[in-house]
Amino acid sequence: MKARSKFLIGGLLVMSTAGYLMASSARETAVYYLTPTELQTRLAADPSFREVGMKIGANVVRGSIVRLPGGRELSFRMTDGTVEYPVVYRGVPPDTFTDTEEVEVVVTGRLDETGTFQATELLAKCASRYEGMPDSAGNYPTGSGPGYGQPGAKPAAPATPAAAGGAP
């Protein structure tokens with residue numbers, strides 16, 4: 001057998017092995033992103049869907065957060081307004097995860113046989129804690145940005161090199 005043929009066979013073997021490993025790892029790490037209603041629909045069509053890793057985006061039901069002693073495990077209920085699911089999370093929750101206002105969450109994990117979502121990752125956001133973008137005139141929406149609570153507050157002018165004592 002010629003050296004060129006051996007090289008081509010070896011190259012094909014390496015490339016096919018690399019392709020197989022990439023495809024199998026992509027399948028294992030692929031995660032569905034659903035709402036509770038979409039999850040319920042998928043489960044009705046295919047009960048084995050519980051075995052699949054997924055991300056669920058929903059709102060926390062106000063007053064449903066229960067923290068177990070020690071602070072490393074908590075449970076709550078999530079909903080999209082139509083369907084509710086109980087969630088159990090083991091870990092340190094984010095600072096924005098509170099029971100005082102409506103919180104949007106994205107949880108990653110699996111649904112167990114009892115219908116409880118076993119979360120391995122918990123992401124929370126609270127829109128009231130983030131600044132709104134200024135409009136075209138440079139005005140911030142009421143309740144965000146510099147001058148919080150003052151309608152039409154404008155951001156401070158950026159420092160210029162001349163004002164800072166530097167050369168223009």
Side-chain angles (χ1 to χ4, degrees), residues 1-62 64-99 101-136 141 144-145 155 158 161:
M1 189 179 275
K2 293 183 181 179
R4 183 176 181 178
S5 299
K6 289 180 184 179
F7 181 74
L8 286 175
I9 292 171
L12 280 172
L13 185 62
V14 168
M15 294 298 285
S16 61
T17 302
Y20 170 76
L21 290 174
M22 288 188 332
S24 64
S25 68
R27 245 183 280 123
E28 290 173 13
T29 59
V31 176
Y32 290 96
Y33 184 86
L34 306 166
T35 65
T37 301
E38 291 170 339
L39 175 58
Q40 184 182 41
T41 304
R42 288 267 179 114
L43 286 172
D46 180 14
S48 69
F49 193 70
R50 293 176 190 273
E51 311 288 324
V52 177
M54 60 190 90
K55 288 186 180 191
I56 308 291
N59 293 323
V60 175
V61 174
R62 186 174 283 176
S64 69
I65 299 174
V66 176
R67 297 177 193 268
L68 297 178
R72 299 225 10 124
E73 185 173 334
L74 58 94
S75 64
F76 61 94
R77 297 188 66 76
M78 67 178 172
T79 184
D80 60 357
T82 307
V83 178
E84 279 190 14
Y85 282 101
V87 179
V88 173
Y89 173 69
R90 289 170 187 85
V92 179
D95 291 338
T96 54
F97 188 76
T98 64
D99 211 8
E101 52 191 272
E102 188 169 308
V103 177
E104 292 179 50
V105 293
V106 175
V107 290
T108 304
R110 297 179 189 277
L111 193 66
D112 68 14
E113 294 301 320
T114 65
T116 300
F117 195 84
Q118 300 293 328
T120 56
E121 182 180 14
L122 172 66
L123 304 173
K125 68 177 187 174
C126 177
S128 67
R129 295 192 185 191
Y130 302 102
E131 291 184 1
M133 293 294 294
D135 61 15
S136 60
S144 68

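- Atom CG of residue L39 and atom OH of residue Y33 lie 13.0 Å apart, to the nearest 0.5 angstrom.
- For T37, the side chain to side chain donor-acceptor pair (under 3.5 Å) criterion is met by D80, not counting sequence neighbours.
- Proximity of a side-chain donor or acceptor of T120 to a complementary backbone N or O of T108 within less than 3.5 Å is detected.
- Every residue two or more places apart in sequence or in another chain that forms a salt bridge (Lys or Arg N to Asp or Glu O under 4.0 Å) with E84 is listed here: R77.
- Each of V107, T35, V83, V61 was compared with M78 under the side-chain contact (heavy atoms from CB on, under 4.5 Å) criterion, and only V107 meets it.
- Applying the side chain to side chain contact (heavy atoms under 4.5 Å, CB included) test to S48 and every residue at least two apart in sequence or in another chain returns D46.
- To the nearest 0.5 angstrom, N59 atom CG is 7.5 Å from T79 atom OG1.
- Listed by chain and residue number, F97 satisfy the ring pair (Phe, Tyr, Trp, His ring centres under 6.0 Å) test with F76 (two or more places apart in sequence, or in another chain).
- With sequence neighbours left out, E38 forms a salt bridge (Lys or Arg N to Asp or Glu O under 4.0 Å) with no residue at all.
- Listed by chain and residue number, E73 satisfy the salt bridge (Lys or Arg N to Asp or Glu O under 4.0 Å) test with R90 (two or more places apart in sequence, or in another chain).
- With sequence neighbours left out, the ring pair (Phe, Tyr, Trp, His ring centres under 6.0 Å) criterion links Y89 to no other residue.
- Under the rule for a side chain to side chain contact (heavy atoms under 4.5 Å, CB included), the partners of L123 that lie at least two apart in sequence or sit in another chain are V106, E121.
- With values rounded to the nearest 0.5 angstrom, R110 atom CZ is found 12.0 Å from D112 atom CG.
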